[in-house]
Amino acid sequence: MKIDLVYRQIDERTRDIGLELALENVRPDRVHIIDDVRPFTECVQQMLQIKHDCDYVLYLDADCLILEDMREFIEGCDAAYIDAYVTDLFRGRIHCGAHITRIDLVRRMASIEPPVDDMKYVLRPESRLRNLAMKPLRMSKQFRNFDILHDHFQYYRHVFAKYALRELRSRTEIQGRRLSMSMKGWPKPNCQVTDFSVARLAVDYARAMVPETATSQEVQSFIEALPEHAERELDRMGIEEKPPFTRADLDEWLDQNSGRRVYGATEKNKPKVFGLGLSRTGTRSLTKALKVLGYDCAHYPIDEDTYTELTNGQYDLTVLKYYDGLTDITVAPFFEMFDQQYPGSKFILTVRDRESWLRSCQNHWFNRPAFKEAEDPDEETHYLMRQFLRSAVFGCYNFVPERFAWVYDQYVKRVLEYFKDRPEDLLVINVCEGEGYEKLAPFLNRPMPTQPFPHKGNVLSQRIAQERAKIRARLEVVG
C-alpha cells in the first residue's frame, strides 16, 4: 500500500507543526506541498494535476493537527473516499480538512472539466468535483472519526477569512441553521479579542459586503480578495496578530487539556452502540448523529464477511473490529445476541408513527426486489443479505402492509420487554418527530453538539408545524 500526502498550506499558523504531525502519524510514501495557492479553486486544480503513483491520497489542510496514527487505518480500507471527522474549535465534531481518496477517484476528479458559473463549485470546488466524479460511478462516501484538531491556534487573519467564507457557504436553510447553532455555542462576547470575536466580525462583514443576490462571479471576486479584506478590517479594529506557533505551544495546550474528550482510535473504554430500530425509522440520521458524537457505526453493512457470519450464527462480527457499532435492520433480528456478545453496549430504538412508517416502507421497497440476477460477487452478496434480513425480520420478501404493521408492533414490544429492567441501556427516540441530541447526547454521556441533528425530516416537521400554526391562527380569526 502506497500513500501520498498532499499538504495544502496558505501560511497558516500551524503549517509547520501540522506537517510534522502528518509525517509522524501518516508516514506517507511521498509528500506534495501546495504552497500559498489562492483562491481554493486554483489550489484544487493544481493538486489534481499531480502525477501520483500510489493507492490512496490524503489531502490535508495545514489547519489540521493529527494526534493519532492514521497509517494503519488507511492501509486497511478499500473505500473510494473517506471524510475524516475532526474536532473543530468553532463547530465541534465536523468532517473537513482531511480527505482520504482512492487513486481511481482522484483520476476521475482530474478528468472533469470545472463547471462554469456554478455557485457550488465556487464555494466548495473540491467537494463539487468529487461529487460529480462519484455520482455516475455510484460511489458513496464514508466517514471516520479521528483525533484531529481543526482550526485551533490559527492567525486572526485566517479566522476572519474563513468565517467570511463560512457565512457565504451558509446561505441555504440547512447550512444557515448550522452556522447559527454553532455561533450560539461560542463564548459570550467580551472586551478581549478572541478567535470567536474575530469570527463574529467576519460573519457580519460578509453579510454587509456580499448581498444574497450576488452572482457567482461576484462571490468569486470577493473570495479572491479575502486576504486583503481581512488585513484591512483587522487593522481598522486595531487587532494585533498572534505570534508564531510552536510544538511547545501545542504540548502545553495538550497538558492543560489532558481531560479533553478524545475521539477516534485512541478513545478508551468506549461501549459498542447498536441502533436497533427498523429501517425507515430514521436509522441513517441516527448513524450520522452518532458520528458527530464520536461513534463510527456501520449502517446496514452488506459485505461478504458480515453475511457469512450472521447466516452461520456467529455474532463476534469482523466489521465490529473496525466500527463502534451497527445500525438499521442488520441489528433487529440479533440484538439479544449482540447484547450477550458485547456486554456494556448501548442500544437505541428509533421509532416512528406506524402509519407514516408503513407509507415510507411501501415507497422504499418499491422497485427493490429481493431476487435479481447479479452482475458481480458484491452485488450478489447484497441481494443475499437483503433476502436473509427480510426473511428474518418480516417473514416475507415483499411489502405486505398487514404483515409489516404486525411486525412493527411486535418488534417494539419485544425490545421494550427485553430492556424493561435495564432502562440505562436503552434509549427510545423518535427522530422523525424532531427528537435528537437533547436525548441522544446525555444517553451516551457526550457533550451537546453545536449543530442541528442531521435529519432533513426535522426541517420538514418544522415547516408542517408552522403551516399548521398559520391555519389555526386563520381559523381563530374567522371564528
Side-chain angles (χ1 to χ4, degrees), residues 272-287 297-320 325-342 345 347-374 377-420 422 425-432:
K272 295 294 185 186
V273 173
F274 294 95
L276 70 169
L278 298 177
S279 301
R280 315 311 300 167
T281 60
T283 58
R284 285 188 182 275
S285 297
L286 173 65
T287 307
C297 293
H299 178 269
Y300 186 47
I302 53 174
D303 59 282
E304 185 175 358
D305 285 342
T306 302
Y307 172 74
T308 301
E309 289 161 357
L310 289 178
T311 54
N312 285 279
Q314 178 182 335
Y315 305 110
D316 181 14
L317 301 183
T318 299
V319 69
L320 288 176
L326 303 176
T327 62
D328 204 69
I329 195 174
T330 311
V331 180
F334 313 110
F335 71 85
E336 297 100 332
M337 300 297 103
F338 293 141
D339 185 37
Q340 296 176 26
Q341 184 70 49
Y342 302 95
S345 296
F347 292 82
I348 302 165
L349 176 65
T350 45
V351 296
R352 183 176 182 177
D353 171 74
R354 193 181 70 174
E355 295 307 312
S356 171
W357 176 75
L358 287 171
R359 290 192 297 271
S360 182
C361 287
Q362 183 176 21
N363 294 334
H364 184 71
W365 282 41
F366 177 74
N367 205 29
R368 282 184 172 86
F371 296 91
K372 183 180 178 181
E373 186 173 345
D378 289 339
E379 187 181 17
E380 181 181 17
T381 301
H382 188 172
Y383 279 102
L384 289 172
M385 182 70 89
R386 178 181 291 178
Q387 295 157 19
F388 173 64
L389 292 177
R390 286 186 181 184
S391 177
V393 175
F394 297 105
C396 56
Y397 291 127
N398 301 306
F399 177 73
V400 182
E402 296 81 5
R403 175 67 184 177
F404 271 50
W406 183 86
V407 167
Y408 181 90
D409 290 341
Q410 293 300 311
Y411 179 69
V412 172
K413 180 179 178 181
R414 170 184 156 201
V415 173
L416 296 179
E417 176 66 22
Y418 182 82
F419 287 101
K420 66 179 181 180
R422 296 164 50 196
D425 293 335
L426 176 70
L427 173 68
V428 181
I429 185 171
N430 190 330
V431 301
C432 298

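Here the structure is a predicted model, which means the values were calculated and not measured.
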Would you check if [X] and [Y] make a side-chain contact, meaning some heavy-atom pair closer than 4.5 Å?
X      : Y      : value
Leu276 : Leu426 : yes
Pro301 : Leu326 : yes
Thr330 : Phe338 : no
Lys372 : Arg386 : no
Thr381 : Thr306 : no

Looking at [X], I want to see if its [atom1] is surrounded by more than 12 non-hydrogen atoms of other residues, nucleotides or ligands under 6.0 Å.
X      : atom1 : result
Gln410 : CD    : yes
Glu309 : CD    : yes
Phe366 : CZ    : no
Arg284 : CZ    : no

Tell me the closest heavy-atom pair linking [X] and [Y], and the distance in Å.
X      : Y      : value
Tyr397 : Gln387 : CE2-O, 3.6 Å
Tyr383 : Pro369 : CE2-O, 3.5 Å
Gly395 : Arg403 : CA-NH2, 4.1 Å
Arg368 : Asn363 : NH1-O, 4.5 Å
Thr283 : His299 : OG1-NE2, 3.1 Å
Cys297 : Val273 : SG-O, 4.0 Å

Would you compute the distance between atom [atom1] of [X] and atom [atom2] of [Y] and round it to the nearest 0.5 angstrom?
X      : Y      : atom1 : atom2 : answer
Glu355 : Arg359 : CD    : CZ    : 7.0 Å
Phe404 : Asp409 : CZ    : CG    : 13.5 Å
Ile329 : Phe394 : CD1   : CZ    : 4.5 Å
Thr308 : Leu317 : OG1   : CG    : 11.0 Å
Thr281 : Arg354 : OG1   : CZ    : 15.0 Å
Ser279 : Tyr300 : OG    : OH    : 7.5 Å

Aromatic ring proximity Tyr418/Phe335, centre distance under 6.0 Å: yes
[Y] backbone acceptor or donor facing [X] side chain under 3.5 Å:
X      : Y      : result
Arg280 : Trp357 : no
Tyr408 : Leu358 : no
Ser360 : Ser356 : no
Asn312 : Gln314 : no

Side chain to side chain contact (heavy atoms under 4.5 Å, CB included) between Leu416 and Val428, intermediate numbers included: CA-CA 9 Å; Leu416 296 179; Val428 181; 3.9 Å; yes
Test applied, ring-ring contact (aromatic ring centres under 6.0 Å, His included); reference residue, Phe274; option that passes from Phe334, Phe419, Phe347: Phe347
Verdict with reasoning, Val431 to Leu286, per side chain to side chain contact (heavy atoms under 4.5 Å, CB included): CA-CA 8 Å; Val431 301; Leu286 173 65; 5.5 Å; no
Residues Glu417, Arg414: salt bridge by 4.0 Å N-O rule: no
